[in-house]
Amino acid sequence: MDRIPILQMGRALLITIQVDMHDQLALALEEDLAAKIASSGARGVLIDISSLEIIDSFIGRMLDNIAGVSRLMDAETVVVGMRPAVAITLVELGLSLSGVRTALNVDRGMAIIQQRLHDYEIADGD
Amino acid sequence: MQQAGTSPDLIDLAGYPIRNENDIVLIRQQAQRLAQNLDFDRQDQTRIATAVSEIVRNALQHGGGGTIKFAIEERAETERAETGRADTGGMAQYLLVDIQDHGPGIAHLQDVLQGRGGNAFGLIAARRLMEGFDIDSSRATGTRVVMKKRLPRSQSLQEDDLRALAASLAVRSAEEPAALVQHLNHELALCLEELRSRQEELERLNAELEDTNRGVVALYSELDDKAEQLKQASELKSRFLSNMGHEFRTPLNSVLALSGLLLDELDGGLTGEQARQVTYIRQAAEGLTELVNDLLDLAKVESGNVDLRPRDFTVHELFGGLRGMLKPLSLNDEVNLIFDEGRDLPPLRTDMGKLSQILRNFISNALKFTEEGEVRVTARLTPDRRRLAFAVRDTGIGIAPEYHEAVFDEFLQLENRLQARHKGTGLGLPLSRRLAELLGGEVMLESRLGEGSTFTLYIPSSGGHAPAAAPGPAQAEGPLAPSPGAPADKTILIIDDEEAFRYVLRQLIVDTGCRILEANDGVAGLKMIGERHPDAVFLDLQMPAMNGYQVLEKVAGDPALKDIPVVICTSSVLNPADRDRLAAATAILPKNELTREVVSAMLNQLHLAKGATNA
């Protein structure tokens with residue numbers, strides 16, 4: 001069974017989706033990520049979807065779910081690199097992905113996650 | 001919502017089955033590629049692919065699978081103003097996507113499409129993305145969705161272009177390359193995994209084999225050790241038998257000779273009872289001598305220390321000798337001993353003594369175990385004329401098949417009612433077999449319990465054995481010392497460490513009237529020879545301190561003494577090398593053949609007998 005790799009960079013996890021995911025693969029990613037967050041104690045998850053040309057309602061909902069699960073596990077998810085055509089199509093589909101934080105590209109996404117990690121460190125320091 | 005055109009002209013592009021989740025991915029990618037080839041812009045490509053993905057997933061999840069068909073539809077322009085496109089001659093072209101599932105249909109289709117109840121998000125979303133959207137659902141036929149989007153082309157696509165497009169799609173759709181590669185990768189990974197486990201298995205087996213091999217090698221060396229030990233033990237046994245045999249033979253010879261003297265009644269008569277007792281003593285000693293001789297023969301054959309003395313003879317001569325020897329054995333009147341010489345038998349050249357010994361063994365065995373009937377001894381040529389077969393057939397008790405090989409084992413005696421009556425040594429058959437091998441032949445046994453046995457000896461008819469060094473009869477060896485006349489006043493010296501034998505010999509010589517001297521070892525004997533210059537010396541070989549060989553050597557080496565005749569008397573069985581060492585002796589007398597006649601003949605030769613009349 002194929003898997004989408006999950007890379008760990010410090011307290012953040014990095015996922016680059018480079019293939020058109022079939023449904024099982026998307027479900028597996030959700031499970032893998034939850035397990036990885038639990039084992040690594042990561043506080044940020046960056047999902048790069050710049051390779052995806054199609055996000056239908058199922059994949060969209062999966063991204064939403066993944067973000068929700070991560071949030072419950074105290075990790076913030078940032079989806080980066082969404083193509084314009086994909087964004088427009090998602091809106092036309094009626095999916096706004098309101099539960100998912102997005103950023104234009106990886107740099108900005110990492111900045112968001114770094115900021116959050118920084119905030120936590122200050123909080124932990126008190 | 002647009003209805004299907006009034007006169008739609010359909011050109012099929014491609015069709016795919018919807019069977020599993022992978023098909024969803026393949027179909028939506030195919031849809032995107034198709035849209036790209038039809039010059040839809042990027043946004044529309046994504047829209048079309050996404051809409052297709054939604055409906056196909058519905059078909060799979062709610063309808064349990066189905067089919068999808070892509071086609072181009074041409075129809076008359078109906079809303080020119082709306083589209084705002086260049087004039088295409090009143091004809092518009094649409095991409096048509098037709099998805100049919102096998103499901104049970106959708107119950108309240110209109111409610112669902114209005115977003116009331118049901119999980120119709122995909123249908124509603126797809127309808128938003130496409131320009132035309134027809135849905136038809138019934139319990140009987142399943143759900144069918146037909147979506148359309150107008151082609152962005154300014155120029156209408158010609159039919160040829162479409163056909164080419166369809167063909168290229170068909171080729172690509174045969175198998176999605178990425179999926180194929182993925183699939184192959186997966187297979188490859190499985191293969192590698194299997195290979196690795198095979199390799200591990202092989203390595204494990206190899207290690208196991210190496211262990212086993214080490215074990216085998218160790219076992220082999222152990223076996224070698226054992227074989228070496230066995231060989232040594234066997235040699236030791238042969239040596240022991242040979243030595244002990246000689247040790248036994250010496251006193252036995254004394255018993256035989258002394259009992260012989262007694263029975264000759266030279267020292268006064270015996271009463272009837274005494275004579276019988278002495279006869280029993282003599283018989284017992286003879287039996288024991290036979291056993292010892294057999295043992296010695298066996299030991300000699302086993303140690304390879306045996307010499308063949310081949311000579312020419314005929315079967316007639318052989319049988320004649322055997323008949324003479326064995327007739328007295330056949331005491332039972334119920335059993336006939338028959339010798340049957342075949343015709344046209346060639347003369348033999350082999351060791352007649354050994355051949356005769358083998359046949360004697362067979363015949364005496366046959367006589368032992370036959371209560372009535374006959375024992376028939378035959379000789380014939382084998383059909384190939386290469387070998388002579390001597391068969392001894394009896395009508396006796398027979399031997400059970402399981403013992404056919406065992407009877408050739410040393411000391412084995414089978415339990416049967418006749419065995420108790422005839423005590424044997426248990427050595428006859430093993431000795432016979434070994435002697436037969438020595439003659440270049442073999443022994444075969446055929447027998448059935450209760451019907452008798454046939455022992456057959458095969459030997460090469462041409463006497464194929466190279467004649468071994470064949471010294472003539474021992475007794476005649478060596479030059480006789482000429483000694484004219486037989487004066488009465490002669491001296492004879494007996495050198496022997498065994499008092500009994502000196503006594504026996506003295507008794508045999510005493511008639512000659514010669515003076516008899518005795519010495520009980522080599523040293524004393526040699527001294528006496530030097531001092532007394534006897535006229536003859538009877539010399540034993542096996543003695544403590546100085547043995548007979550050394551004494552003979554000294555005598556022969558001394559010019560003053562070398563003319564004194566020396567007669568060797570020994571219990572030992574001599575081999576050619578021994579005889580060479582005794583070349584200086586006048587004669588050699590085996591102790592077991594020592595009788596009054598032999599001794600007086602010897603004395604005659606030496607001109608020591610009483611008067612010359614005996615000569």
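Per chain, numbering begins at 1; letters A, B, ... match sequence-line order.
Heavy-atom minimum distance, B/Thr50 versus A/Leu93: CG2-CD1, 3.6 Å. Heavy-atom minimum distance, B/Gln43 versus A/Ile88: OE1-CD1, 2.9 Å.
Applying the side chain to side chain donor-acceptor pair (under 3.5 Å) test to residues at least two apart or on different chains, the pairs with a partner in residues 91-100 of chain A are A/Glu92-B/Arg47. Screening residues 49-63 of chain B for salt bridge (Lys or Arg N to Asp or Glu O under 4.0 Å) gives A/Asp23-B/Arg57, A/Asp56-B/Arg57 as the qualifying pairs, with residues at least two apart or on separate chains.
The closest side-chain heavy-atom distance from B/Arg42 to A/Glu53 is below 4.5 Å.
Atom CG of B/Asn58 is separated from atom OG of A/Ser57 by 7.5 Å, given to the nearest 0.5 angstrom. Atoms CG and CG, on A/Asp20 and B/Leu26 in that order, are 9.0 Å from each other to the nearest 0.5 Å. To the nearest 0.5 Å, the span separating CG on B/Asn22 from CD on A/Gln24 amounts to 9.5 Å. Note that CD1 of A/Ile55 and OG of B/Ser53 are 11.0 Å apart. Values are rounded to the nearest 0.5 Å.
Counting non-hydrogen atoms of neighbouring residues, nucleotides and ligands closer than 6.0 angstrom, the CZ atom of A/Arg116 exceeds 12 such neighbours.
With a threshold of 4.5 angstrom between heavy atoms, B/Arg128 approaches chain A through side-chain atoms but not through N, CA, C or O. Proximity to chain A (any heavy atom under 4.5 Å) is shown, for B/Glu21, by both the backbone and the side chain.
Annotation: maximal heavy-atom pairing with chain A below 4.5 Å, among B/Ile24, B/Leu129, B/Asn185, occurs at B/Leu129.
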